[in-house]
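Quick caveat: nothing in here was measured; it's all calculated off a predicted structure.
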Amino acid sequence: MERSTEIELLQELITLQEKGSAFLDETVTSNPVGNYYDPRRFEAECDQILRKDPRPIAHSSELAQPGSFLRRDIAGLPALLTRDSDGVAHAFLNICRHRGNQLVQETSGRKHRFSCPYHAWTFSNRGELVGVPHEEQGFPEMDRKCMGLKRLGCVERYGWIWVSPSGEDAPDVDGLLAGLAPDFEWFAAADLRVQHSDEAIREANWKILIEGALESYHFIVAHTRTVAKLFNDNLSTYQRFGPHLRSAISRKSLSELKDMPSDRWHLRDHAAILYTIFPATQIVAVQDHIETIQYEPLSPTSTRVRFSILAPKDRLESEEDLAHWANNQEMTWTTLDEDFSLGESIQVGLKSGANEVLTFGRFEGALAAFNQNVNSRL
Ligand code: FES
Ligand SMILES: [Fe+2]
């Protein structure tokens, strides 16, 4: 992020605070409840967005060593990430080319070759088919070169592994970021390590869970036990970058800036900066680290969420640092649990007939923007 953007964002929050107003969109908007449970709608979202759009699927440190591998699910597409002995990351469909069994069952580990548990066809971590039992008798004409694992476009950039679920071409990350590249430089995420991850399956539509983070209207009510004491009531702002959103959520400490020259302002000390990277990743830049939340939709009404803390490489070992990350993990995972429980509570009532639409107030405009981005692709 440019230094001038840091100052502008803080200035905008200070101005809003002085006016005693949240950032307001033009109008109140709404979203039909069926968008959160209709199976045809969900299939369309999977086909046209979730199984199409490239995304940062893992942090590079989660696939650090040559020979390491990871599994991920991309809206029903089983994906396998590997790092070969030259250090190059690859992404494949985790599907055996014989009769389609899922090749790798473990979620992560280290292996240079993968042997299918059905008939032991074996693939290298570069995707080549390297072993077929009884090949001459059973598959006399087979050209192994045509039977490698199906490759997905994959590139490492800004500390993450970006994967395209819909083709072999490496994603053009800077193009994809639609103006957010300077912010990704600013994260310096290549110098961070995944220090901790949590995973859970929550019974709510993926969009409801994402929306939970897109406004600060609920903080003072829903997060009294956790983060309400750290943030100003309903004082946040957002901007659009192509299909992505950047939200700035002000901390209580914002008021300290009034008497401080702006060259001493540091955005992350006084606001949490939340990036909603379309379609289903959220990245939060907080004071001394980054947090990510990835959403893997499993059905119209259930979603796997993965939360990670990315900490500086040189702050992973001392007892003091470990205690600090453990506190952060506990606080944020508990806060997310509060959000996700509310999401599940919304999901339960959607078909009740109480609401035909969900209503977004003028300070909940980021929810409308997110849904417009989804709708524009269907
Ligand atoms: S399905 Fe994998 S070896 Fe037969
Ligand atoms: Fe929340």
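- For D321 (side chain) and L316 (main-chain N/O), no donor-acceptor pair under 3.5 Å exists by modelled atom type.
- If you look at W325 and H289, their ring centroids are closer than 6.0 Å.
- In this structure, a donor-acceptor pair under 3.5 Å is present between the side chains of E156 and S60.
- Between D314 and R193 there is no salt bridge, since no side-chain nitrogen of the basic residue lies less than 4.0 Å from a carboxylate oxygen of the acidic one.
- Annotation: side chain of T276 is not in contact with side chain of F241 (no heavy-atom distance under 4.5 Å).
- Between R268 and E6 there is no salt bridge, since no side-chain N of the basic residue sits under 4.0 Å from a carboxylate O of the acidic one.
- Using modelled atom types, one side-chain atom of S166 and one backbone atom of K52 make a donor-acceptor pair closer than 3.5 Å.
- For Y118, the OH atom is loosely surrounded, since the number of other residues' heavy atoms within 6.0 Å does not exceed 12.
- The minimum heavy-atom distance linking A366 with L245 is given by the pair O-CD1, 3.6 Å.
- Checking side-chain atoms of D143 against main-chain N and O of K145 turns up a donor-acceptor pair under 3.5 Å.
- In this structure, the side chain of S250 does not engage the main chain of S236 through any donor-acceptor pair within 3.5 Å.
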- May I have the step-by-step check of side-chain hydrogen bond (donor to acceptor under 3.5 Å, both in side chains) for H223 and T335, ending in yes or no? CA-CA 7 Å; H223 294 311; T335 306; 5.1 Å; no
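- Counting only N and O atoms by type, the side chains of Q294 and T281 include no donor and acceptor under 3.5 Å apart.
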- Query: Is there a side-chain hydrogen bond (donor to acceptor under 3.5 Å, both in side chains) between D233 and Y217 once you walk through the steps?
  - Reply: CA-CA 7 Å; D233 177 27; Y217 183 35; over 6 Å; no
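- Within 6.0 Å of the CG atom in L298, the count of heavy atoms belonging to other residues, nucleotides or ligands exceeds 12.
- Counting heavy atoms from C-beta on, the side chains of P279 and V374 never come closer than 4.5 Å.
- Of the candidates K207, R40, R377, R51, E45 forms a side chain to side chain donor-acceptor pair (under 3.5 Å) with just one, namely K207.
- For the pair L10 and L254, the minimum side-chain heavy-atom distance is below 4.5 Å.
- What you find for A58 and L70 is that their closest heavy atoms are CB-CD1, 3.7 Å.
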- When you look at E62 and R72, which way does the salt bridge (Lys or Arg N to Asp or Glu O under 4.0 Å) test go after all the steps? CA-CA 12 Å; E62 293 174 280; R72 287 284 190 267; 3.2 Å; yes
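- More than 12 heavy atoms of other residues, nucleotides or ligands sit less than 6.0 Å from atom CD of Q48.
- By the 4.0 Å N-to-carboxylate-O rule, R144 lies too far from E128 to be salt-bridged with it.
- Put simply, the side chain of R113 never gets that close to the backbone of S124: no donor and acceptor are under 3.5 Å apart.
- Counting only N and O atoms by type, the side chains of T82 and R126 include no donor and acceptor under 3.5 Å apart.
- Counting heavy atoms from C-beta on, the side chains of Q105 and P117 come closer than 4.5 Å.
- Classification of the F114-F69 ring pair by plane angle, with boundaries at 30° and 60°, yields perpendicular.
- The aromatic rings of H98 and W121 sit parallel to each other, their planes meeting at less than 30°, with 60° as the upper class boundary.
- A donor-acceptor pair shorter than 3.5 Å can be found between the side chains of D84 and H90.
- For F187 and Y158, the distance between ring centers is not under 6.0 angstrom.
- Looking at R362 and E26, no side-chain N of the basic residue comes within less than 4.0 Å of a carboxylate O on the acidic one, giving no salt bridge.
- Using a 3.5 Å distance cut-off with no hydrogens or angles, the side chains of E211 and Y36 do pair a donor with an acceptor.
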- Item | Pair Y295-R306, side-chain contact (heavy atoms from CB on, under 4.5 Å): steps then yes or no | CA-CA 7 Å; Y295 302 86; R306 182 181 298 106; over 6 Å; no
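- Closest heavy-atom contact between E215 and F363: CB-O, 4.2 Å.
- Residue E356 places its CD atom among 12 or fewer non-hydrogen atoms of other residues, nucleotides or ligands, all under 6.0 Å distant.
- At distances below 3.5 Å, at least one donor-acceptor pair connects side-chain atoms of N205 with backbone N or O atoms of P300.
- Looking at L214 and I210, their side chains come closer than 4.5 Å, going by heavy atoms from C-beta outward.
- Annotation for V194 and S61: closest pair N-OG, 2.9 Å, computed over non-hydrogen atoms.
- Side-chain N or O atoms of N375 include one that pairs as donor or acceptor with a backbone N or O of N371 at under 3.5 Å.
- Contact record, N94 with A79: CB-C, 4.0 Å, taken as the closest heavy-atom pair.
- Using a 3.5 Å distance cut-off with no hydrogens or angles, the side chains of T226 and T334 do not pair a donor with an acceptor.
- Within the 4.5 Å cutoff, the side chain of I49 has heavy atoms near those of the F278 side chain.
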- Message: Quick one, H324 with D288, criterion side-chain hydrogen bond (donor to acceptor under 3.5 Å, both in side chains). Give me CA distance, side-chain angles, the key distance, then yes/no.
- Response: CA-CA 11 Å; H324 173 72; D288 57 0; 2.8 Å; yes
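- The backbone N or O of G34 sits nowhere less than 3.5 Å from a side-chain atom of D38 that would complete a donor-acceptor pair.
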- Message: Checking E338 against R225 for the salt bridge (Lys or Arg N to Asp or Glu O under 4.0 Å) test, could you report, in this order, the C-alpha distance in whole Å, the side-chain angles of both residues, the deciding distance, and whether it holds?
- Response: CA-CA 9 Å; E338 291 170 345; R225 291 185 310 120; 3.2 Å; yes
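- Atom CD of E136 has 12 or fewer neighbouring heavy atoms from other residues, nucleotides or ligands inside a 6.0 Å radius.
- By the 4.5 Å heavy-atom criterion applied to side chains, I95 and K150 are not counted as neighbours.
- Smallest separation of non-hydrogen atoms from S115 and T122: OG-OG1, 3.3 Å.
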- Hey, mind stepping through T332 and E291 against side-chain hydrogen bond (donor to acceptor under 3.5 Å, both in side chains) and telling me if it holds? CA-CA 9 Å; T332 312; E291 294 168 354; 3.2 Å; yes
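- The backbone N or O of T301 sits less than 3.5 Å from a side-chain atom of S299, completing a donor-acceptor pair.
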- Message: I'd like to know whether D174 forms a salt bridge (Lys or Arg N to Asp or Glu O under 4.0 Å) with R157, so could you lay out the CA-CA distance, the side-chain angles of the two residues, the decisive distance to 0.1 Å, and finally the verdict.
- Response: CA-CA 9 Å; D174 284 338; R157 191 104 169 86; 2.6 Å; yes
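- If you look at F42 and Y37, their ring centroids are not closer than 6.0 Å.
- Contact of the Q347 side chain with the I208 side chain is registered, since non-hydrogen atoms from C-beta on lie closer than 4.5 Å.
- For the residue pair Q287 / D269, no side-chain donor-acceptor distance below 3.5 Å is found, with atom types taken as modelled.
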